[in-house]
There are 2 protein chains.
Amino acid sequence: MRRPAKTSEKSPPAGRRPAKPRPARAPAAKPYHHGDLRRVLIDAAMQLVGEGGPDAVSVREAARRAGVSPGAPFRHFPSRDALMNAVAEEAQRRFRAEIEAALADAPSGDPLGRFRCLGIAYLRWAMKNPTHFEIISSRRFFDHDRSAGVSSDNAELIGLTERTLAEAFSAGQLGRRDLKQVQIAGRSLVYGFARMHIDGHLPRWGVAAAEAERMAADILDLFIAGIGAGVAPAAKA
Amino acid sequence: MRRPAKTSEKSPPAGRRPAKPRPARAPAAKPYHHGDLRRVLIDAAMQLVGEGGPDAVSVREAARRAGVSPGAPFRHFPSRDALMNAVAEEAQRRFRAEIEAALADAPSGDPLGRFRCLGIAYLRWAMKNPTHFEIISSRRFFDHDRSAGVSSDNAELIGLTERTLAEAFSAGQLGRRDLKQVQIAGRSLVYGFARMHIDGHLPRWGVAAAEAERMAADILDLFIAGIGAGVAPAAKA
DNA sequence: CAATTCGTGTAATCGGTGCTTACATTCACA
DNA sequence: TGTGAATGTAAGCACCGATTACACGAATTG
């Protein structure tokens, strides 16, 4: 067990059936079959993640919220991990959608500017959805080699980042620096800041919650200035 | 529950009593009182963390390995979290010791060089002890505001880093850059790389396990070159 | 030396969890 | 209309964290 703080709240005894399509034949009583239990379970789990983090997700609680017996979810997910996997897919999908939407507004002529925009969108989502971000980052909730959904969305984002920096490289914005090193450093910087935020490190480093977003932009600019400005043979456009 | 894969291995039925001081009166039979159960439990938990990560630690398994009943640990730790807290203290202590040992060999005249040395030692330990590193980083295993042990060791390391970069600033090695931004960026970079490693991101970014340590040094150098070279004051309008 | 006290371990138990099995119900299709 | 597959329920297993009552033994003290 791992979830002892539950305050023993029972789900309300009445009104457990959410709106859902019904054959229009039965009067109103709770039907035996749930409309789309799989979807409802994922939504419930997503909500649990948002409320108490990944560890707050239990199959039984998700079933409870769906108004269904404790064994029912196992018809749709072979294990709790499989449920978490589906949750991760959903979170990763939303994450990617927001990133790409933000990037759509970025000018296409300035790769480093696009990288900045990408980093800002990444950090903004991570700070606004810390628990969901943790799921798609911390490998213990799904197997990247087996989860096609999460993996492909994630690979797409990785590719996007790499391509953006590669364009900056081609455009001479990185001088003679090693492209791969810049990619890993950039990713480490952004990921590290996001993790510092969700792991609660920022206050101990003197960054108040209110300053976090500003600081995110500042360190991105610092990084871009560091790699963009030609220390040695670079050509700042 | 969270630990279903256990392969049902029983602890060996004999020889469960580790070496420990005894009153030299009783012959040899298992004494009722354990010599230093608290210490043994922490060691067992440390071992469990090393074997299967933080989630693999259960009070019962630690008790099993200590050859003691399932309720015994609660005489020494009021909860599983308290045990994890003690484990985190131990890990943090070792971490700090290794960092400071490495830093003792660094030249004192070159702050940025000391920062590099610090970063290398940090990443080396994190990559060699990923599961223990996770405990002291991921806030869910202890309360930083309440755990004096972890907190003070950690604050010491934060202070060390901040002081090192402040010296670099005073020595003019950072140009006119904002010190705090450099500190947060540096921390993000290092923490992010460590996290990428323990979260298994590096392979997906094209960094094989064998190259990881080299890459760690490379991105540190890249960062230091970016902030060290006096490329103008990185004018943030 | 004897008696008491207190720290420490044991045994039994509770509620929560993931997961499985046997059974019930309903839907979809022939 | 009938029948099989899908999907839900009920009951139960093992494991977990945590609590309680009790047993043991070592140290303290008269």
Side-chain angles (χ1 to χ4, degrees), chain A residues 1-11 16-17 20-26 29-41 45 48 52 54-85 141, chain B residues 1-11 16-17 20-27 29-41 45 48 52 54-85 140-141:
Chain A
M1 216 236 269
R2 203 49 47 86
R3 221 175 295 60
K6 258 293 162 206
T7 68
S8 81
E9 42 168 339
K10 294 290 183 186
S11 54
R16 56 198 345 188
R17 186 107 337 251
K20 112 203 117 37
R22 227 182 303 105
R25 191 170 48 97
K30 163 180 174 179
Y32 189 85
H33 283 291
H34 198 289
D36 186 359
L37 184 53
R38 183 188 159 87
R39 182 72 245 164
V40 172
L41 287 170
L48 284 168
D55 291 337
V57 176
S58 82
V59 176
R60 288 177 117 95
E61 180 61 24
R64 230 168 272 137
R65 298 200 176 190
V68 106
S69 78
F74 290 93
R75 291 284 179 197
H76 299 271
F77 304 98
S79 68
R80 174 186 184 272
D81 282 0
L83 172 59
M84 293 303 284
N85 207 315
F141 301 113
Chain B
M1 218 237 268
R2 204 48 46 86
R3 222 173 294 62
K6 260 289 163 208
T7 69
S8 81
E9 41 167 339
K10 294 289 183 186
S11 53
R16 61 205 334 192
R17 186 106 337 251
K20 108 200 124 30
R22 227 181 301 108
R25 190 171 49 95
K30 165 181 174 178
Y32 189 86
H33 283 289
H34 197 289
D36 186 0
L37 183 53
R38 183 188 159 88
R39 182 72 245 163
V40 172
L41 287 170
L48 284 169
D55 291 337
V57 176
S58 82
V59 177
R60 290 177 113 95
E61 180 62 23
R64 230 169 272 137
R65 297 201 176 190
V68 105
S69 78
F74 291 93
R75 291 286 179 195
H76 299 271
F77 304 97
S79 68
R80 175 186 184 271
D81 282 358
L83 171 60
M84 293 303 285
N85 207 315
R140 70 200 163 98
F141 300 113

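Every chain is numbered from 1 and lettered A, B, ... according to where its sequence line falls, protein lines coming before strand lines.
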For this session: Would you indicate which nucleotide in C:dT20, D:dT7, D:dG17 comes nearest to any side-chain atom of A:R75?
Result: D:dT7

Seminar exercise, completed: Between CD of A:E61 and C1' of C:dG15 the distance, given in whole Å, is 14 Å

Exercise. Can you check whether A:S58 has a side-chain N or O nearer than 4.0 Å to OP1 or OP2 of C:dT17?
Worked result: yes

For this session: Calculate the interatomic distance between A:L37 atom CG and C:dC27 atom C1'; express it in whole Å.
Result: 16 Å

Exercise. Mind checking what makes salt bridge (Lys or Arg N to Asp or Glu O under 4.0 Å) contact with B:R140, not counting sequence neighbours?
Worked result: A:D55, B:D55

Exercise. Closer than 4.0 Å, any side-chain N/O of A:R64 to the OP1 or OP2 of C:dT17?
Worked result: yes

For this session: Identify, with sequence neighbours excluded, every residue that meets salt bridge (Lys or Arg N to Asp or Glu O under 4.0 Å) alongside B:R39.
Result: B:D43, B:E90

Problem set entry | Protein-nucleotide distance (A:D36, atom CG; D:dT7, atom P), rounded to Å | 10 Å

Problem set entry | Length of the CG-P vector between B:L48 and D:dC15, whole Å | 16 Å

Exercise. Can you check the B:F74 CZ to C:dC14 P distance for me, whole Å?
Worked result: 17 Å

For this session: Give the rounded distance in Å between these two atoms: CZ of B:R80 and C1' of C:dG16.
Result: 15 Å

Exercise. When you measure from the side chain of A:V68, which nucleotide among C:dG9, D:dG8, C:dT20 comes out closest?
Worked result: D:dG8

Exercise. What distance do A:R60 atom CZ and A:S69 atom OG have between them, rounded to the nearest 0.5 Å?
Worked result: 9.5 Å

Exercise. A:A72 or A:R60: which one's nearest nucleotide on DNA chain D is closer to the 5' end?
Worked result: A:A72

For this session: Indicate whether OP1 or OP2 belonging to D:dG8 is found under 4.0 Å from a side-chain N or O atom of A:H76.
Result: yes

Exercise. CZ of A:R38 versus C1' of D:dA6: gap in Å, rounded?
Worked result: 15 Å

For this session: Please assess B:L48 against B:R65 for the test side chain to side chain contact (heavy atoms under 4.5 Å, CB included), listing each intermediate value before the final yes or no.
Result: CA-CA 10 Å; B:L48 284 169; B:R65 297 201 176 190; 3.5 Å; yes

Exercise. C:dC19 P sits how many Å from A:L41 CG, rounded?
Worked result: 14 Å

For this session: To the nearest 0.5 angstrom, please state how far the CZ atom of A:F141 sits from the CG atom of A:N85.
Result: 11.5 Å

